[in-house]
Amino acid sequence: MQRIRMMGAAAILVLGASAWLGCAAQPEAESSPRPAAAAVDSDRLLNADAEPGSWMSYGRNYSEQRFSPLDQIREDNVGDLGLAWSFDLETKRGIEATSIVVDGVMYMTSAWSIVHALDARTGRKLWSYDPQVAKDKSKHTCCDVVNRGVAVYQGQVFVGVLDGRLVALDAATGGVNWEVATVDPKLPYTITGAPRVIKGKVLIGNGGAEFGVRGFIAAYDVASGERLWQFFTVPGDPAKGFENDAMKMAADTWNGEWWKLGGGGGTVWDAMAYDPELDLLYIGVGNGTPWNQQIRSPGGGDNLFLSSIVALRPDSGEYVWHYQTTPGETWDYTATQHIILADMEIEGRTRKVLMQAPKNGFFYVLDRTDGSLLSANNYIPITWASHVDMKTGRPVETEGARYENKTFLLMPSYLGGHNWHPMSFNPQTGLVYIPVLDIPANYAQPAAGFVYRPGVANLGIDGPTSGLPDKQAERDALRPLIAGRLVAWDPKAQKEAWRVEHSGAWNGGTLTTAGNLVFQGTADARLKAFRANDGKLLWEFPTQTGVVAPAMTYELDGEQYLSINVGWGGAFALVFGEYIQPESMPNVSRVLTFKLGATGELPEVDWKPVVAFNPPAQTASAEQIAEGHNLYQEICLGCHGLNAVSGLLIPDLRGSALLHDQRGWDNVVLGGGLRARGMASFADELDGAQAAAIRAYVIEQAIRGKRVQEARAQ
Ligand code: CA
């Protein structure tokens, strides 16, 4: 373990501490003294259903159902829901966190891994903690500088920081108790997921498989931060020996020299669930590095444990079983999506099931005792496979889906049929509420060949082919195909019960409650309540910004609150500028908390998304522009958008004054001149000629954008 720092609890944010003490010193009518902050122990976590007024862990309890037994807000009065309080966040980047609420305090995370503790009754800030992530760490983020939340335990708040640190905060003051580097800080690992605490150990994985890392999950002692175990998800260089038998088994399913191309990938960047009775921890494992298996593992192989659900012993990290959703993954088909545990009667027997709707478009029901497949069916239209063979548990792939020789139109795309946005399961309706994406993408072998570039995206597919068509009419024709909907899925029947089409893609996670409700925020800036059994829209609230996070609910002093963190962002928001609706924007990041009868209002937002094009004349050759196109699609699009069309959370390069000045451009792209604002230096990856080629490509796109804008104005 790399231990970097240990501090006393009061080292940081003395102001926050005094605010807390001030609050505690004021006795509240009819209530006993405020309990100790986040006095959560293993018993409370195991018995989360005994205190439905709290939301003590990421998915509310270890089964991660995101079902609340609270029913004061219900289908016949949800129309009276109004804004009780709001809290403005300091960022204009994506907000993905689920808030934790326990003992009267809300703990949530903002972009850049910043933590806020708020009075859950009023939204008054108790303390904040900013880990001061270096802004050019954004270079290693595939999908925005987001964070999905904290874990709490025995008076501490745990946050995974974007740069790979795990930090334990004093829940009462926000002071740092300890912090550790969970990864080698030189490597392009990131943390965006929420930690979990199981049996006194805090668990965290990481991301970075687009760039080139070796995925793992590790457990840390809650008191000291000492690393107790580490489980790698893909094998390392066999010549160096294997960490355990699971890695030896996995290595037999790989070919070539994957460890030289960044480490194989397989990051554990989101899903975890725990069954205390079986004493099994379930993790979801991500895609390979590079995506393209022909490059990563020439000759094929299953490439364990990419795109798998893996069961481990939480005490030791020992491997127990796995189920691989996408053998030989070659499309960015992660199985990191939300995992839900439930006990369900299937064919007359109560089964302990595990459910997941990973990116690849199939909804899986597994027996979580041994990982055997009970059923699978596609929850969206898919092109890469026809079905899952129930004898082998493997998908039956479509001819050509591996894009060996020619371009393949893949459905779903690399964004998946379902991404990180949590789904939820309502035991009363028996339905799973999935925030579905329905977006195609073209995959082809890289025409210009593949060069592994340490520290930047290494996808191994042809960038221009997977981008947007050049003709605007063709781009416009694709618009209806960039879809998103709420799907209520019957996991027993493996079929859709009902659906609600949204006006665009990348809508929020879901919450379901005993009030026969499903809550979901949308890309077109609304929070909506639907009737859980049939999808009837019952209530909506204008959020002024696209919503990607899921709602949560809690109860205090006999009143039920509904809370959601809003703020447009994430992968789609950065990459698909061409198809983002104006209503998604701008990013207005806030905590919004509602209760029955409240009438709060938000201040007006006045903002119009317009890019001012003023490009210079093109002086580069067609070859230079083509080279720039390739490089842009490989290195730049993750932040600045497909084909240089920005989602506007990050500046649209087509409107940049630097297009007029190669030296100024180089000062930023190679010299790191805007490092403090999040634009890293790419001097290690690009030479001067390549930086100039990218500028030439962006000038070409600016000229194009200006032409389209003028045509639309006429
Ligand atoms: Ca990925």
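Order of appearance sets the numbers: ligands from 1, and atoms from 1 within every ligand. As the structure is a computational prediction, the values presented were derived from the model and not from experiment. Throughout, numbering of the chain's residues begins at 1 and tracks the sequence.
Every residue meeting the side-chain contact (heavy atoms from CB on, under 4.5 Å) condition with Ser307, not counting sequence neighbours, appears here in chain and number order: Thr325, Thr326, Glu329. Partners of Arg675 under the side chain to side chain donor-acceptor pair (under 3.5 Å) rule, at least two apart in sequence or in another chain, are Asp136. Contacts of Asp524 classified as side-chain contact (heavy atoms from CB on, under 4.5 Å), with partners at least two apart in sequence or in another chain: Ser503, Thr522, Arg526, Gln581, Glu583.
The Ca ion (ligand 1) has Glu210 OE1, Glu210 OE2, Asn287 OD1, Asp332 OD1 as its protein N, O or S neighbours under 3.0 Å.
The closest side-chain donor-acceptor pair between His502 and Gln520 falls under 3.5 angstrom. Checked by atom type, the side-chain pair Asn303/Gln293 shows a donor-acceptor distance below 3.5 Å.
Classification of Glu257 and Arg296 as a salt-bridged pair fails, no side-chain N sitting under 4.0 Å from a carboxylate O.
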